[in-house]
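None of these values were measured; they are calculated from a predicted model. Excluded from the calculations below are hydrogen atoms, water molecules and symmetry mates; all remaining heavy atoms, backbone and side chain alike, are included. Residue numbers start from 1 in every chain, and the chains themselves are labelled A, B, ... in the order their sequence lines are given, proteins ahead of strands.
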Amino acid sequence: MNQVGVPAPLYKAREKVYPKAVVGRFRRLKWAVMGVCFAFFYLMPFVRWDRGPNTPDQAILIDLAGRRVYLFGLEFWPQEVYFVTGVMILAAILLFMVSALFGRVWCGYACPQTVWTDLFVMVERWIEGDRMARIRLDQAGWSAVKMFKKLAKHGVWLGISVASGCAFVGWYSDAPSLTLRLLHFQASSIDYGFIALLTTTTYLLGGWAREQVCTYMCPWPRIQAAMEDEHSRVVTYQAWRGEPRGKATETGIGDCVDCHACVQVCPTGIDIRDGHQLECIDCSLCVDACDAIMARLGRPTGLIAWDSFTGQKQRAAGQPAEWRPVRPRTIIYACVLLGVSAVMLIGILMRTPLSMDVLHDRNPLFVTGSGGTLRNGYTIKISNKTRRPHEFALYAEGIGGARLAIAGETDQLAGRAPKLVVRPDGQTSYHITATIPAALATSPSMPITFALIGRDGDTIRLDDHFFTPAGRAK
Amino acid sequence: MPTKIEKDSLTGTETTGHEWDGIKELNTPLPKWWLYVFYACIIFAIGYCIAYPSFPLPWGGHTTGLLNYTNRKGLEIDLKRAEIAKGPMTKRIDEASLDTIRHDPALLEFAVAGGRSAFAQNCVPCHGAGGQGAPGYPNLVDDVWLWGGSLDDIYQTIRFGVRNANPDSRQVDSMPAWGDAAKNPPQVLTASQIDDAANFVLSMNGKSVDKAAADRGSAIFADNCVACHGETASGNPDMGAPPLNAGVWLYGGDKATLVQTITHGRGGQMPAWSERLDGATVKMLAVYVHQLGGGK
């Protein structure tokens with residue numbers, strides 16, 4: 001195989017792909033998924049959800065300025081960002097699992113790159129015609145008609161892109177009022193900036209880059225190989241049945257009539273008959289194309305079909321093809337998926353609207369007061385996710401004789417538990433001092449528990465430490 | 001330049017010639033636009049170098065760029081903006097009395113935050129990051145105060161300082177050097193008298209001492225020390241005299257340090273911060289120090 005010669009160029013011009021229109025069950029499924037995805041993306045920001053007065057009533061709202069994420073009845077604060085991590089882990093494992101079962105269906109059906117590209121190709125086909133018409137138009141010299149068609153296409157593309165940008169921004173602010181502001185050109189420069197950014201990326205990635213995003217930019221095609229195995233069902237050319245290729249009239253050859261229908265409809269411009277390959281996004285439009293040809297020829301469909309490598313081998317050997325969706329790989333993914341979901345669910349169910357954090361003063365750790373007293377300082381932060389103020393009495397448990405006070409409030413009545421008022425929908429922080437008689441100090445660090453007891457009896461407890469000079473080197 | 005170009009038999013693509021455990025890498029050409037994006041980056045970088053400060057100059061400094069941009073200028077603008085944003089609150093602090101600030105939650109929060117920042121910039125070198133002090137530099141978080149621990153006292157001390165050139169500063173004389181004839185001519189204690197006095201001070205703090213010496217020291221204390229430190233040794237903020245029975249020490253409570261203190265005297269100083277900081281900042285500092293834990 002070794003040859004002497006000049007190496008291939010390091011760069012080459014992109015070979016433009018002109019996907020041909022196709023009809024069939026997978027194409028219909030793809031239209032349906034596209035419809036659902038676009039409906040969700042464009043309409044979800046307009047769905048309302050009543051949360052009471054003075055609160056946003058958008059069902060899903062990522063309020064960056066207010067540092068809140070509203071998800072129907074749930075409201076997340078920045079310190080709960082780990083839920084986002086959980087969602088990411090879930091999404092990744094789900095993607096692994098789907099890949100192990102069905103290859104790259106995400107890439108072929110639901111990935112925004114695929115969905116928008118599909119829409120852009122649809123517009124292109126609508127204005128410039130199908131595959132051959134488009135090829136001819138591109139090869140033809142410039143004329144008024146060509147100019148008009150190109151302008152119309154890019155105009156519609158830009159329109160879609162601007163709409164996508166506006167919808168994107170709608171997820172981050174109140175969508176109905178934002179729409180009005182946008183229409184009156186009174187939205188903020190940040191809004192317009194993000195719309196411009198999303199418009200640019202949508203137009204460039206959907207209109208120009210298309211399949212190159214998948215082959216050159218996206219890491220997923222490289223990773224997916226590790227998720228798939230011989231039992232994963234992917235779009236497969238049944239070579240045992242199709243080869244050798246030939247004319248429909250010839251006898252003694254395979255079922256493939258080499259009509260190139262599968263190649264012409266492919267949105268990434270590959271020949272599926274070369275086997276499973278990196279560029280293939282498992283969109284199965286070639287399945288529809290091939291089935292139509294086979295039906296017309298009166299041959300069984302499924303020459304290109306969703307099949308596993310094992311299934312294909314079994315079919316080739318004349319055995320019934322079996323599919324093994326349940327195998328160690330998918331069991332492990334399912335277990336991880338269930339585990340993470342359970343953790344997330346428990347986490348969400350155990351969220352409390354009121355919570356407390358205690359930070360011990362780091363410098364100094366303790367203060368020796370006059371008359372043989374020891375004092376520790378703590379910053380107590382109380383988060384109130386409800387819409388009304390709360391009032392708590394703060395108690396110290398664990399060290400008898402510990403007196404608590406709000407630092408700086410010298411006019412408190414001695415012996416009274418400090419009263420902490422917490423503002424609604426926010427965090428309130430108090431600097432608290434705990435004082436004990438020095439005689440009680442028995443170890444360098446003594447456990448102490450802070451208890452917030454509310455008016456209506458709800459209690460929050462948190463363990464911390466009281467530091468003393470006892471047993472420390474001078 | 002390799003002379004042997006190997007083509008992968010399956011794909012027909014050339015390989016790079018590298019092989020790892022039988023796995024070879026295809027030499028797939030990159031799309032042209034990728035190269036153009038790279039060129040565009042280079043052109044952008046050149047433009048950036050011309051527009052913005054980029055290169056150090058051998059004779060010092062750097063190219064300033066056509067836009068004359070500096071981070072320093074940006075920071076100045078940001079600081080000015082922050083100052084303007086703080087303006088109304090600072091003005092309210094400036095005009096309000098300490099008592100009003102203390103009882104207005106919004107003013108108090110602002111004052112504590114502002115005081116914390118001013119403390120970190122001005123006070124930390126002597127009084128420590130947490131106000132815990134150091135030998136010779138008072139601890140501001142405990143409840144023992146040389147010059148009084150009320151909000152007004154603290155404000156006064158910060159404003160005018162202690163024993164400095166400002167006429168309003170705490171101008172009380174330093175503690176005399178009781179064992180130094182050159183410095184304290186009329187009243188000089190002998191070394192053994194000082195030792196006795198130190199023993200007496202220790203005994204007031206529950207330390208085991210020579211009982212006879214402490215008794216002798218008691219008389220010396222009554223003759224010489226009560227004027228400032230008080231008959232019960234509980235101190236006197238008007239004189240800047242600390243209590244000697246609280247178990248809290250500015251210079252150290254061991255006998256050697258006590259003897260040293262009595263023999264050579266003490267007299268700390270502090271700058272008048274109203275000469276360096278604006279009125280609102282001094283107020284915020286007072287409020288901040290007062291709420292550290294020891295305020296009266």
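Put simply, of A/Arg375, A/Glu15, A/Arg14, A/Arg362, the one with the most heavy-atom pairs under 4.5 Å next to chain B is A/Arg375. When each of B/Thr15, B/Val144, B/Leu35, B/Asn245 is checked for heavy-atom pairs under 4.5 Å with chain A, B/Leu35 comes out on top. Residue with the most contacts toward chain B among A/Thr368, A/Thr435, A/Thr373, A/Ile432: A/Thr368 (heavy-atom pairs, distance under 4.5 Å).
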Carefully, step by step, assess A/Tyr378 and A/Phe450 under the rule side-chain contact (heavy atoms from CB on, under 4.5 Å). CA-CA 10 Å; A/Tyr378 304 86; A/Phe450 290 98; 3.5 Å; yes

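With a threshold of 4.5 angstrom between heavy atoms, A/Gln212 approaches chain B through side-chain atoms but not through N, CA, C or O.
Using cut-offs of 30° and 60° on the angle between ring planes, the pair A/Tyr203 and A/Trp157 is perpendicular.
Using a 4.0 Å cut-off between a side-chain N of Lys or Arg and a carboxylate O of Asp or Glu, B/Arg159 and B/Asp152 do not qualify as a salt bridge.
Applying the 6.0 Å contact sphere to CZ of A/Arg222 captures more than 12 heavy atoms from other residues, nucleotides or ligands.
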